Amino acid sequence: MSNLLQGKNIVIMGVANERSIAWGITKSLHNAGANLIFTNRQERSYQKLTKLLEKNEVSAKLIVSCDVASDESINDAFSEIKKNVGVIHGVVHSVAFANRDDLKGEFLDTSRDGFLLAQEISAYSLVAVTKAAKELMTEGGSIVTQTYLGSERVIPGYNVMGVAKASLEASVMYLAEDVGKHGIRVNAVSAGPIRTLSAKGVSGFNEKAGVIEEKAPLRRNVDQDQVGDATLFFMSELSRGITGEVLHVDSGYHIIG
Ligand code: NDP
């Protein structure tokens with residue numbers, strides 16, 4: 001797998017620390033020879049990322065700030081990438097957010113603001129990012145986002161984020177249709193529960209992980225590296241015939257009734 005992405009410029013959005021799914025993806029894409037560009041929101045994430053890159057001897061082609069809540073920030077980030085890197089061949093969207101209060105108790109209690117916030121950051125952001133990235137993807141390429149089973153079934157506590165992930169997965173289909181004619185594919189990886197900063201905000205994480213060990217066909221949880229390799233598949237030519245797809249990387253848990 002050492003040269004699957006040789007010469008490809010890939011933007012990775014969403015490394016907050018070494019537990020981030022996007023960091024597992026970084027390792028897989030780096031090992032496949034990709035040139036990596038990163039976007040961060042918080043200064044704290046930028047500091048963590050630069051340390052991680054140094055420690056793991058991964059060099060970034062560029063690191064830019066990007067808050068997906070703002071069209072201006074997204075446009076500025078991709079303009080800077082265009083100026084410094086030129087053509088890009090892929091984007092990893094590994095970004096989501098909901099208020100902690102909306103990730104426990106009953107979905108029924110979700111506020112209007114909380115609902116819209118989750119949709120904006122976790123689903124609409126893929127639409128806005130795809131639009132900005134498309135201008136730089138003149139040689140075609142691949143966009144990959146991260147989703148979760150809570151979009152398909154009621155998972156206790158996932159609540160407003162489950163509805164946002166359903167919206168994200170529908171967006172994957174509609175975007176795949178729009179950009180397919182330009183040689184760009186859009187897919188999602190649906191990972192099982194992985195202990196990350198964001199996962200801490202969802203109530204009942206331990207129970208969710210325990211159920212996978214007990215009931216999933218493989219009887220074990222997945223990790224960031226497994227999601228990284230599945231994302232590598234979507235980024236590479238190996239998946240050239242696939243778009244608009246959601247691939248479960250969850251030890252097979254989603255097939256169990
Ligand atoms: P992390 O907390 O490590 O990553 C979440 C990232 O989202 C952070 O880097 C954060 O950036 C970024 N983010 C949040 N709000 C914004 C914003 N307004 N603009 C730009 N970036 C923003 O958690 P994960 O790695 O778990 O999450 C990555 C993705 O994987 C999410 O979509 C999540 O829903 C999904 N996923 C996670 C699973 C899990 O069990 N962990 C399972 C299945 C899917 P910053 O820190 O700079 O604010």
Side-chain angles (χ1 to χ4, degrees), residues 11-27 38-50 52 63-74 76-78 91-100 102-103 116-126 128-129 132 144-152 155 157-169 171-172 188-212 221-228 230-231 246-251 253-254:
V11 179
I12 299 185
M13 312 180 76
V15 180
N17 60 33
E18 70 285 354
R19 286 178 181 264
S20 293
I21 288 176
W23 179 248
I25 296 170
T26 298
K27 289 187 283 174
F38 296 89
T39 75
N40 294 115
R41 175 177 58 151
Q42 300 185 69
E43 175 66 20
R44 189 185 58 180
S45 308
Y46 172 81
Q47 300 296 348
K48 294 245 181 196
L49 173 67
T50 50
L52 273 174
I63 305 178
V64 292
S65 138
C66 182
D67 182 346
V68 298
S70 152
D71 286 337
E72 197 187 346
S73 178
I74 294 172
D76 287 353
F78 280 88
V91 179
V92 173
H93 174 277
S94 188
V95 166
F97 190 80
N99 286 328
R100 203 172 255 257
D102 289 326
L103 298 170
L116 293 175
L117 178 69
Q119 289 284 337
E120 180 182 24
I121 307 303
S122 317
Y124 180 73
S125 63
L126 182 71
V129 163
V144 184
T145 187
Q146 303 297 322
T147 188
Y148 178 62
L149 189 64
S151 62
E152 301 168 53
I155 310 269
Y158 204 61
N159 299 359
V160 75
M161 191 56 92
V163 177
K165 291 300 190 191
S167 169
L168 177 71
E169 290 174 26
S171 300
V172 164
V189 171
S190 183
I194 299 176
R195 196 176 295 278
T196 64
L197 198 61
S198 290
K200 272 193 204 153
V202 187
S203 62
F205 179 89
N206 289 343
E207 288 80 357
K208 286 187 193 61
V211 167
I212 304 285
N221 277 289
V222 297
D223 62 19
Q224 292 85 341
D225 294 350
Q226 290 165 37
V227 178
T231 303
V246 178
L247 177 65
H248 294 82
V249 179
D250 66 347
S251 297
Y253 179 65
H254 69 286

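Just follow the structure's listing: the first ligand is 1, and inside any ligand the first atom is 1. Hydrogens, waters and symmetry mates are skipped; everything else that's a heavy atom, side chains included, is used. If you're wondering where the values come from, they're calculated on a predicted model, not measured in any experiment. Position 1 is the first residue of the sequence, and the numbers go up from there.
Put simply, the side chain of Glu18 never gets that close to the backbone of Trp23: no donor and acceptor are under 3.5 Å apart. Put simply, the side chain of Thr196 gets close to the backbone of Ala199: a donor and an acceptor are under 3.5 Å apart. A side-chain donor-acceptor contact under 3.5 Å links Ser70 to the backbone of Glu72. Side chain of Ser45 to backbone of Arg41: no donor-acceptor contact under 3.5 angstrom is found. A donor-acceptor pair under 3.5 Å links the side-chain atoms of Lys165 to the main chain of Gln146, judged by distance alone. Looking only at distances, no side-chain donor or acceptor of Asp67 sits under 3.5 Å from a matching main-chain atom of Ser73.
Backbone and side-chain nitrogen or oxygen atoms of Thr147 are examined, and none is located within less than 3.5 angstrom of a nitrogen or oxygen of ligand 1. Note: no N/O pair closer than 3.5 Å links Asn40 and ligand 1 by distance alone. Residue Val68 has at least one nitrogen or oxygen atom sitting less than 3.5 Å from a nitrogen or oxygen atom of ligand 1, judged on distance alone. Polar contact check, Ile21 against ligand 1: a nitrogen or oxygen pair lies under 3.5 Å apart. Among the atoms of Ser20, some N or O lies under 3.5 angstrom from an N or O of ligand 1. At under 3.5 Å, a nitrogen or oxygen of Gly14, whether backbone or side chain, sits near a nitrogen or oxygen of ligand 1. At a 3.5 angstrom cut-off on N or O pairs, Ile194 counts as close to ligand 1.
Nearest protein heavy-atom contact of atom 16 (C) of ligand 1 is Arg41 NE, 3.5 Å. Protein heavy atom closest to atom 32 (O) of ligand 1, with residue, atom name and distance, is Lys165 NZ, 2.9 Å. Counting protein heavy atoms only, atom 14 (C) of ligand 1 is closest to Ala96 O, 3.5 Å. The protein non-hydrogen atom at the shortest distance from atom 20 (C) of ligand 1 is Cys66 O, 3.4 Å. The protein non-hydrogen atom at the shortest distance from atom 23 (O) of ligand 1 is Ser198 OG, 3.1 Å. The protein atom (non-hydrogen) at minimum distance from atom 24 (P) of ligand 1 is Thr196 OG1, 3.5 Å. Among protein heavy atoms, atom 28 (C) of ligand 1 sits closest to Ser94 OG, 3.1 Å. Nearest non-hydrogen protein atom to atom 21 (N) of ligand 1 is Val95 CG1, 3.7 Å.
For the atom pair Ile74 CD1 and Ser125 OG, the distance stands at 7.0 Å (nearest 0.5 Å).
The ligand atoms of ligand 1 that sit less than 4.0 angstrom from a heavy atom of Asp67 are 17 (C), 18 (N), 19 (N). Taking every non-hydrogen atom of Ile121 and a distance limit under 4.0 Å, the qualifying atoms of ligand 1 come out as 15 (N), 16 (C), 18 (N). Listed by number with element, the atoms of ligand 1 under 4.0 angstrom from any heavy atom of Pro193 are 40 (O). Ligand 1 places these atoms under 4.0 Å from at least one heavy atom of Ala16: 3 (O), 8 (C), 9 (O), 46 (O). Counting the atoms of ligand 1 from 1 in the order shown, those under 4.0 Å from a heavy atom of Ala199 are 41 (N). Counting atoms of ligand 1 from 1 in the listed order, those under 4.0 Å from a heavy atom of Ala191 are 42 (C), 43 (C). Numbered from 1 in the order shown, with element, the atoms of ligand 1 that lie under 4.0 Å from a heavy atom of Tyr148 read 42 (C), 43 (C).
Side-chain contact check for Val68 versus Phe97: every heavy-atom pair is 4.5 Å or farther apart. With a 4.5 Å cut-off on side-chain heavy atoms, Val227 and Gln224 do not count as touching.
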Would you check, one step at a time, whether the test side chain to side chain contact (heavy atoms under 4.5 Å, CB included) holds for Ile194 with Arg19?
CA-CA 9 Å; Ile194 299 176; Arg19 286 178 181 264; over 6 Å; no
Given the rule in the side chain to side chain contact (heavy atoms under 4.5 Å, CB included) test, do Val202 and Met161 qualify, once you have shown the distances and angles that lead to the verdict?
CA-CA 9 Å; Val202 187; Met161 191 56 92; over 6 Å; no
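Open room surrounds OH on Tyr46; 12 or fewer heavy atoms of other groups in view lie less than 6.0 Å from it.
Partner Phe38 forms a side-chain contact (heavy atoms from CB on, under 4.5 Å) with one of Val64, Thr50, Ile12, Val92 and no other, that one being Ile12.
The proximity of Asn17 to ligand 1, defined as any non-hydrogen pair under 4.0 Å, does not occur for either the backbone or the side chain.
In this structure, Arg19 does not count as a contact residue of ligand 1, since none of its heavy atoms falls inside 4.0 Å of the ligand. Using a non-hydrogen distance threshold of 4.0 Å, Gly192 registers as a contact of ligand 1.
Across every non-hydrogen atom of Leu168 and Ala123, the tightest pair is N-CB, 3.8 Å.
At least one protein heavy atom sits closer than 4.0 Å to atom 42 (C) of ligand 1.
Using a 30° and 60° split on the angle between ring planes, Tyr148 and Tyr158 fall in the perpendicular class, above 60°.
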